[in-house]
Amino acid sequence: MKDPVLIAGGGPVGIIAALALARRGISVRVFEAGGSVNDAPRASTLHPSTLEMLASIGLIDDVIARGVVARTFQFWDRPTGRMIAEFDHAALREDTPYPFVVQCEQHKLAKLGIERLRSYPHAEVNFSSQVIAVDPSEDGVKITIKTGTRREVVAGGYLIGADGGRSTVRKATGIDFVGYTFPERFLVLTTPFDFATERGAAFRSYFSDPEEWANLFKVAGEDGSGLWRAVFPTLPGQTDDDVLGADAVEARLQTFFPKPGPYRIFHRNIYRVHQRVAAHFRKGRVFLAGDSAHVNNPIGGLGLNCGIHDAIQLAGLLAAVVLGERPNADLALYDQTRRPINIEYVQQQTIANKKRLEEKEPAAREANFAFLRKTAADPKMQRAFLMRTSLLDSVRRQPATS
Ligand SMILES: Cc1cc2nc3c(=O)[nH]c(=O)nc-3n(C[C@H](O)[C@H](O)[C@H](O)COP(=O)(O)OP(=O)(O)OC[C@H]3O[C@@H](n4cnc5c(N)ncnc54)[C@H](O)[C@@H]3O)c2cc1C
């Protein structure tokens, strides 16, 4: 048996990488610091390009069954309450078998992957196992795992750092995380209030506003009955108490969409947002994937998608090299392709998305609206726009890995 591939982090990216490797017969050992999958509300949007990849590892039916299918998305002008444009993924029906988005919470995806991994005797997922040190060499990688008060050194052929934005693997290998952090934080409120019936909002809706932009997303929730996540920026310097208190939350939602009676809130979450890319995605036998390699604002739902694309491409390359189907030198393709793709598609697109929603200049706002209307109305332009926003363009550009 070859040395296993070690994976730091059992989030969606680490688990998808593990499953893609295990399906090719490669031994994998995942080490997750938490005691279980983190089920706080985070990413949920899975674009057509990612659905194609989930189909390739046998997860597509379960993801669709546990998520919400969102064929369209909308842009709104929040101050006037006008819908500016609606885009329909049906425009991609010649380009992909999945001309829609699925809103499936990321913890469901990780749990589905873990269930599948159980059927592979050469795969293991270890919880409460924090990677605290990395020791790479010419012919392998050793990592130190902390489990309670115990420390254990584990050896493998390669290491994938899928351990999130604060990645220990990235820091231990001395790779810089280049970019910036926004002064404002993002607030996510989860409510069962039905914005589709009450407001006519699509399951993914973006509201432009020079004072306070907003996003709305529908997810299935644990019982499938449907929940909405409303996302807002906070003001720089606002404390958690200023933003998360019951009165502040109620006032914010009533200002967004006034209604009789208070909103029921299932979850409130506030987090810091960054645009950063690792200076390298690979150093010798150590690779970075997902948030450990790149982070971005969530407008457009691209970060997790790009992370899953990393996982699938990396697993394909590693499996081919370990199985002797490709030369070692091909591992260089990972950094050579995934890093520029993240910068050109995910960083640029998410920065532009945020700018479009928060634009203050009236003439620039009108120009944005005119562009969106024209693009949605012209079939060719709509298709080109959706090929980019769904990351299909970026995937079609990358070399085949398996
Ligand atoms: C609070 C928050 C809210 C977000 N909301 C949205 C959103 O609304 N929309 C959106 O598109 N994106 C959102 N994101 C981003 C999205 O969640 C990420 O892109 C996605 O989680 C990336 O997956 P990942 O597997 O790379 O990293 P993660 O999901 O962060 O998984 C990393 C895993 O590694 C584990 N880990 C960390 N350190 C170690 C270690 N040393 N050893 C072992 N395990 C370790 C962690 O416990 C975690 O389980 C949000 C992110 C955060 C932090």
Side-chain angles (χ1 to χ4, degrees), residues 6-19 29-47 50 101 103-111 113-114 125-134 143-147 154 159-173 181 185-190 204 206 215-217 219 228-232 267-276 278 281 287-311 314 342 346 349-350 353-354 391:
L6 309 176
I7 300 181
V13 171
I15 294 298
I16 297 292
L19 182 56
R29 302 186 72 187
V30 180
F31 299 94
E32 162 57 43
S36 58
V37 171
N38 178 353
D39 57 8
R42 292 171 68 179
S44 61
T45 299
L46 299 173
H47 288 288
T50 310
V101 157
Q103 299 280 123
C104 179
E105 298 92 322
Q106 69 176 58
H107 67 272
K108 292 184 184 169
L109 182 60
K111 285 182 183 172
I114 291 170
V125 180
N126 303 279
F127 286 100
S128 305
S129 301
Q130 185 187 3
V131 176
I132 56 168
V134 178
I143 56 177
T144 307
I145 310 296
K146 183 170 168 255
T147 311
V154 171
L159 170 65
I160 300 177
D163 50 344
R166 295 180 185 161
S167 174
T168 300
V169 173
R170 189 187 64 238
K171 290 174 192 159
T173 34
T181 300
R185 292 184 293 167
F186 284 23
L187 170 69
V188 186
L189 302 172
T190 307
R204 293 173 63 214
Y206 299 92
N215 293 173
L216 278 180
F217 300 99
V219 294
W228 287 77
R229 291 186 186 158
V231 185
F232 303 95
H267 206 285
R268 54 198 85 192
N269 191 12
I270 185 165
Y271 65 105
R272 218 159 253 307
V273 182
H274 322 263
Q275 302 282 160
R276 290 183 189 274
F281 284 14
F287 298 83
L288 302 178
D291 275 19
S292 75
H294 46 77
V295 287
N296 53 269
N297 81 66
I299 303 169
L302 296 181
L304 174 61
N305 285 269
C306 193
I308 294 173
H309 299 189
D310 295 344
L314 179 55
N342 183 272
V346 177
Q349 183 77 41
T350 53
N353 288 346
K354 183 169 181 288
L391 294 180

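Basis for what follows: all heavy atoms, side chains included, without hydrogens, waters or symmetry-related copies. As the structure lists them, so they are numbered: ligands from 1, and atoms in each ligand from 1. Keep in mind the model is a prediction, meaning the values are calculated, not measured. All residue numbers in this chain count up from 1 along the given sequence.
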Which protein non-hydrogen atom lies closest to [atom], naming both residue and atom, and how far is it?
| atom | result |
| --- | --- |
| atom 40 (C) of ligand 1 | Val131 N, 3.8 Å |
| atom 27 (O) of ligand 1 | Gly164 CA, 3.8 Å |
| atom 53 (C) of ligand 1 | Arg42 NH2, 3.3 Å |
| atom 47 (O) of ligand 1 | Glu32 OE2, 2.6 Å |
| atom 13 (C) of ligand 1 | Ala43 N, 3.8 Å |
| atom 37 (C) of ligand 1 | Asp163 O, 3.3 Å |
| atom 24 (P) of ligand 1 | Val13 CG2, 3.7 Å |
| atom 31 (O) of ligand 1 | Gly11 CA, 3.5 Å |

Quick check against the 3.5 Å criterion: does [X] have a side-chain atom that pairs as donor or acceptor with the backbone of [Y]?
| X | Y | value |
| --- | --- | --- |
| Asn296 | Gln275 | no |
| Asn38 | Gly34 | no |
| Asp163 | Val169 | yes |
| Arg276 | Ala293 | no |
| Asn353 | Ile299 | yes |
| Asn297 | Val273 | no |

Report, in ascending order of atom number, the atoms of ligand 1 lying under 4.0 Å from any heavy atom of [X].
| X | value |
| --- | --- |
| Asp291 | 18 (C), 19 (O), 20 (C), 22 (C), 26 (O) |
| Ala162 | 32 (C), 33 (C), 34 (O) |
| Gly290 | 26 (O) |
| Ser129 | 43 (C) |
| Leu304 | 19 (O), 23 (O) |

Can you label the angle between the Phe217 ring and the Tyr206 ring as parallel, tilted or perpendicular, going by 30° and 60°? perpendicular
Should the proximity of [X] to ligand 1, defined as any heavy atom under 4.0 Å, be assigned to the side chain, the backbone, both, or neither?
| X | result |
| --- | --- |
| Thr168 | side chain |
| Gln106 | side chain |
| Ser44 | neither |

Answer yes if the side chains of Ser292 and Arg166 hold a donor-acceptor pair under 3.5 Å, and no otherwise. no
Side-chain donor-acceptor pair under 3.5 Å between Asp310 and His294, yes or no? yes
Please report the closest heavy-atom contact between Gly11 and Glu32, naming both atoms and the distance. N-OE1, 3.9 Å
Backbone or side-chain N or O of [X] under 3.5 Å from ligand 1 N or O:
| X | answer |
| --- | --- |
| Leu302 | no |
| Ala33 | yes |
| Gln130 | no |

Who gets closest to atom 9 (N) of ligand 1 by heavy atom: Ser292, Pro298, Ser167? Pro298
On a heavy-atom basis, I'd like to know which of Phe127, Tyr271, Phe31 is closest to atom 6 (C) of ligand 1. Tyr271
Applying side-chain contact (heavy atoms from CB on, under 4.5 Å) to Leu314 and Ile160, what does each step give before you reach the verdict? CA-CA 9 Å; Leu314 179 55; Ile160 300 177; 3.8 Å; yes
Is the closest heavy-atom distance from Asn38 to ligand 1 below 4.0 Å? no
contact_flag Gly307 ligand 1 heavy-atom lt 4.0 Å: no
Evaluate the side-chain proximity of Glu105 to Arg229: yes if any heavy-atom separation is below 4.5 Å, no if none is. yes
